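Quick note: numbers below take in every heavy atom, side chains included, and nothing from hydrogens, waters or symmetry partners. Labels below follow one simple rule: chain letters A, B, ... track the order of the sequence lines, proteins then strands, and each chain is numbered from 1. Just so we're clear, the structure is a prediction, and the values are computed from it rather than from any experiment.
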Amino acid sequence: MTEKKVRVRFAPSPTGPLHIGGVRTALYNYLFAKKQGGDFLLRIEDTDQNRFVQGAEEYIMESLKWCGIQWDEGPGRDGPHAPYRQSERKDLYRQYAMQLIESGNAYYAFDTAEELEEMRKRIEAEKGNAQYDATTRGSMKNSLTLNKVETVAMLESGAPYVVRFKMPENEEVVMQDIVRGTVKVNTSQLDDKVLFKSDGMPTYHLANVVDDYLMEISHVIRGEEWLPSLPLHVLLYRSLGWESNVPQFAHLPLLLKPDGNGKLSKRDGDRLGFPVFPLMWNDPKSGEISSGYRESGYFADAFVNMLALLGWNPGTDQELFSMVELVNAFSLERVGKSGSKFDPAKAKWFNHQYLLKRDNKDVAVLFDLILKDRGVYEPIEKVTRIVSLVKDRVNFVHEIWEQSAFFFNAPESYDEKTVQKKWKEDTPDILNQVTDVLKNLEPFTVEGIDKALHDYMEQHEVGAGKLMIALRLSLVGAGMGPDLKEIMVLLGKEEVITRIEKAIRVIS
RNA sequence: GGCCCGUUCGUCUAGGGGUUAGGACGCAAGGUUUUCAUCCUUGUAGCAGGGGUUCGAAUCCCCUACGGGCUACCA
């Protein structure tokens, strides 16, 4: 094996938003490249003009950036092989198609859609394998069945044509795949794929091989759905005389839907209530909006971490990885062979872990944005303190609100069940007495409150369960929340007393 | 239909001839906590089936089943 520089590419088609399976493919390419000290390129495969979707390319780039996957070459980052959009490389491909025709590895085909359909119907009626291949190409309208004069006449008349690969007959193609090992296919199973379309654009098969060669790609890491066309690609390299430049291949297992079987799709996200896209997507045609991980409150690093472990594992018990750690630990050899079902519950767990790891101050800045949206303006020091008290109870920053709203707004109602269980006949009296104690308490600190409350309970022989829960009910409105003394200090003496008095009025 | 790929707890996975089949998520129970949650402890649950090979298969081979992918002038 020659020691070429590692160069990999992520080559999406701008036909819509990037699905998390695509993000994972990009991630594995990136991790592999960085681990090997190589380059990661982004190439836009927009050879199908009919499927072009406005905004999709920008979406793809923004998604990669959000994930921290920076490309070394690609749109917006020109390198020695620019341009990186296939539509801008259009003129390149024709010459290779012509080269294949001249070397006898490809041919012109003039069949109309109707003629192709007719052929398929005919073969299917005979229970044969309906494809354009060695068994059928001889009965179709192409430069193999037409003589030279007729072919030239067709071309000169401006008749639409495609260029098809002339698949060799009955040849065993043996290929090596890094994740799957040896894969063998007999060419008699393969058809004469269209390489060059009548609209003047190459198909994926030609374009990807030509570009991978020209861009000096060393490893092709892509989804498993491409495995069936691997022999075609290998044969293409050979036919173009690039045998010594065939990249190594790695076909990644698919991401499956959480319930049942099958490839994860956009519909599943809508149905099961979790995003399948990294970023929110607003479809320009249908106006349909699909949710994204970013907008749902996921941290980019948690999202990347979760995705990295879906199909790859380090062989150790470590589950939490920064991008740098992923780069260091990654290898294609440890990529699994079978598809992975996406687990929304585990995704939340990852975000929880990252939320716990974040500095309270950083989380407070994010939470403060949510507070301002709700019209709540508090000093960041106070917000930070609140975050420190409740962040281990939630998975997302936005959930902090549900756990901390009582800090900002006095309870409007009191949890029915807790009232019934803990609010007794003598509760108002006890609370009134405690209010007096608190009024005179100086300074109003966690330690001070703790001592005062315990002294009271001891002197009056009142149980903690009775007093504390009644107090909590008054301040929070429910039997939940962080340490009561902390809540009291943050609320301040006056607010505490006001809330207790209100509770006595309302509940009794 | 044809071709290709796959199959270890519900899920993500370790394990690649001799293991009490390990970890994580989830779930359950207990503990801690004045409450809820966190946290800690314990538990729950798996080698798709059948044949070989072998002294011995989760592990190697074959078959079957099941699942998936591809089978466009889409990528």
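A:Asp191 contributes atom CG, which lies 10.0 Å from atom OG1 of A:Thr135 (distance to the nearest 0.5 angstrom). Here A:Leu18 contributes atom CG and A:Met61 contributes atom CE; the two are 12.0 Å apart, rounded to the nearest 0.5 Å. Taking CG of A:Leu320 as the reference point, atom CG of A:Leu309 lies at 9.0 Å (rounded to 0.5 Å). For the atom pair CG (A:Leu232) and NZ (A:Lys193), the distance works out to 6.5 Å, reported to the nearest 0.5 Å.
Contact annotation for A:Gly315: no contact, since no heavy-atom pair falls under 4.0 Å across all strands. Contacts of A:Gly223 with the nucleic acid, taken as non-hydrogen atoms under 4.0 Å apart, are absent. A:Ser229 comes within 4.0 angstrom of no nucleic acid atom, judged by non-hydrogen atoms across all strands. Nucleic acid contact class of A:Asp111 (heavy atoms, under 4.0 Å, all strands): base. Residue-level contact check: A:Pro12 touches neither bases nor backbone, having no heavy atom under 4.0 Å from any strand. As judged by a 4.0 angstrom heavy-atom cut-off over every strand, A:Leu484 is placed among the base-contacting residues. If you check every strand for non-hydrogen atoms under 4.0 Å, A:Arg334 touches sugar and phosphate atoms only. Residue contacts for A:Val194: at a heavy-atom cut-off of 4.0 Å it reaches the sugar-phosphate backbone alone, with no base atom in range.
Remark on RNA chain B: of its neighbouring residues A:Lys485 and A:Ser340, the 5'-side contact belongs to A:Ser340, judged by nearest-heavy-atom nucleotide. Between A:His352 and A:Gln189, the residue anchored nearer the 5' end of RNA chain B, judged by the nucleotide with its closest heavy atom, is A:Gln189.
Rounded to whole angstrom, the span from the CG atom of A:Asp46 across to the P atom of B:rA75 amounts to 10 Å. Rounded to an integer number of Å, the gap from A:Leu431 CG to B:rU34 C1' is 14 Å. Between the CG atom of A:Asp191 and the C1' atom of B:rG2 there is a distance of 12 Å, rounded to whole Å. Per the geometry, CD belonging to A:Gln353 stands 11 Å off C1' belonging to B:rU38, to the nearest Å. As a whole-Å value, the separation of A:Leu355 CG from B:rC39 P is 12 Å. Here B:rA37 presents its P atom at 15 Å from CD1 of A:Ile487, a figure rounded to the nearest Å. Atom-to-atom, CG of A:Asp199 to C1' of B:rA72 comes out at 13 Å; the value is rounded to the nearest Å. Between A:Leu264 atom CG and B:rG69 atom P there is a gap of 12 Å when expressed in whole angstrom units.
With both ends at atom C1', the span from B:rU42 to B:rC5 equals 41 Å, rounded to whole Å. Comparing the same atom, P, in B:rC12 and in B:rG69 gives a spacing of 16 Å after rounding to whole Å. Across the C1' atoms, B:rC62 and B:rU71 are found 28 Å apart, a figure rounded to whole Å. For the P atoms, the distance linking B:rA48 with B:rG10 amounts to 11 Å, nearest Å. Comparing the P positions of B:rG23 and B:rC40 gives a spacing of 15 Å, expressed to the nearest Å. For the C1' atoms, the distance from B:rU8 to B:rG22 is 12 Å, rounded to whole Å. Comparing B:rG43 with B:rC66, their P atoms sit 38 Å apart, to the nearest whole Å. A gap of 39 Å separates the C1' atoms of B:rC27 and B:rC61, to the nearest Å.
Test A:Tyr354, A:Phe277, A:Phe350, A:Tyr293 against A:Phe303 for ring-ring contact (aromatic ring centres under 6.0 Å, His included) and you get one pass: A:Tyr293.
Closest to the A:Leu254 side chain, of the nucleotides B:rA37, B:rC74, B:rG69, is B:rG69. Of the candidates B:rA75, B:rU34, B:rC73, B:rU34 carries the atom nearest the A:Arg472 side chain, counting heavy atoms from C-beta on. Side-chain proximity of A:Gln131 to B:rC73, B:rU71, B:rG2: nearest is B:rU71. Side chain of A:Arg164, nearest nucleotide from B:rG2, B:rC25, B:rC73: B:rC73. Out of B:rA75, B:rU13, B:rG10, the shortest distance to the side chain of A:Asn313 is found at B:rU13. Across B:rC73, B:rA75, B:rU11, the shortest atom-to-atom separation from the side chain of A:Asp343 is found for B:rU11. Checked against B:rC25, B:rG23, B:rC73, the side chain of A:Ala345 finds its nearest nucleotide in B:rC25.
The side chain of A:Thr316 contributes no N or O atom lying less than 4.0 Å from OP1 or OP2 of B:rG23. Under 4.0 angstrom from either OP1 or OP2 of B:rC74 there lies at least one side-chain N or O belonging to A:Lys197.
Between A:Met167 and A:Gln131, the closest side-chain pair of non-hydrogen atoms is not below 4.5 Å. For the pair A:Phe249 and A:Leu227, the minimum side-chain heavy-atom distance is 4.5 Å or more.
In this structure, A:Tyr28 has its ring center at least 6.0 angstrom away from the ring center of A:Trp312.
Across all strands shown, B:rU33 remains unpaired; no Watson-Crick or G-U wobble contact has both distances below 3.5 Å. The nucleotide B:rC27 finds its pairing partner in B:rG43, both defining distances of the Watson-Crick or G-U wobble pair being shorter than 3.5 Å. Nucleotide B:rG1 has B:rU71 as its partner under the Watson-Crick or G-U criteria, with both atom distances under 3.5 Å. With a cut-off of 3.5 Å on both Watson-Crick or G-U wobble distances, the partner of B:rU7 is given as B:rA65.
At a threshold of 4.0 Å, the pair A:Lys348-A:Glu399 does not count as salt-bridged, since none of the basic side-chain nitrogens sits closer than that to a carboxylate oxygen. Ionic pairing of A:Asp415 and A:Arg472 is not present here: no N-O contact between side-chain nitrogen and carboxylate oxygen is shorter than 4.0 angstrom.
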Using atom names, set out every protein N or O paired with an N or O of nucleotides 4-6 of chain B below 3.5 Å, distance rounded to 0.1 Å.
unit_1 : atom_1 : unit_2   : atom_2 : d
B:rC5  : O2'    : A:Arg180 : NH1    : 2.5
B:rC5  : O2'    : A:Glu224 : OE2    : 3.0

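Under 3.5 Å, the side chain of A:Asn129 and the base of B:rG1 form at least one donor-acceptor pair of N or O atoms.
The number of heavy-atom neighbours closer than 6.0 Å to CD of A:Glu416, taken from other residues, nucleotides and ligands shown, is 12 or below.
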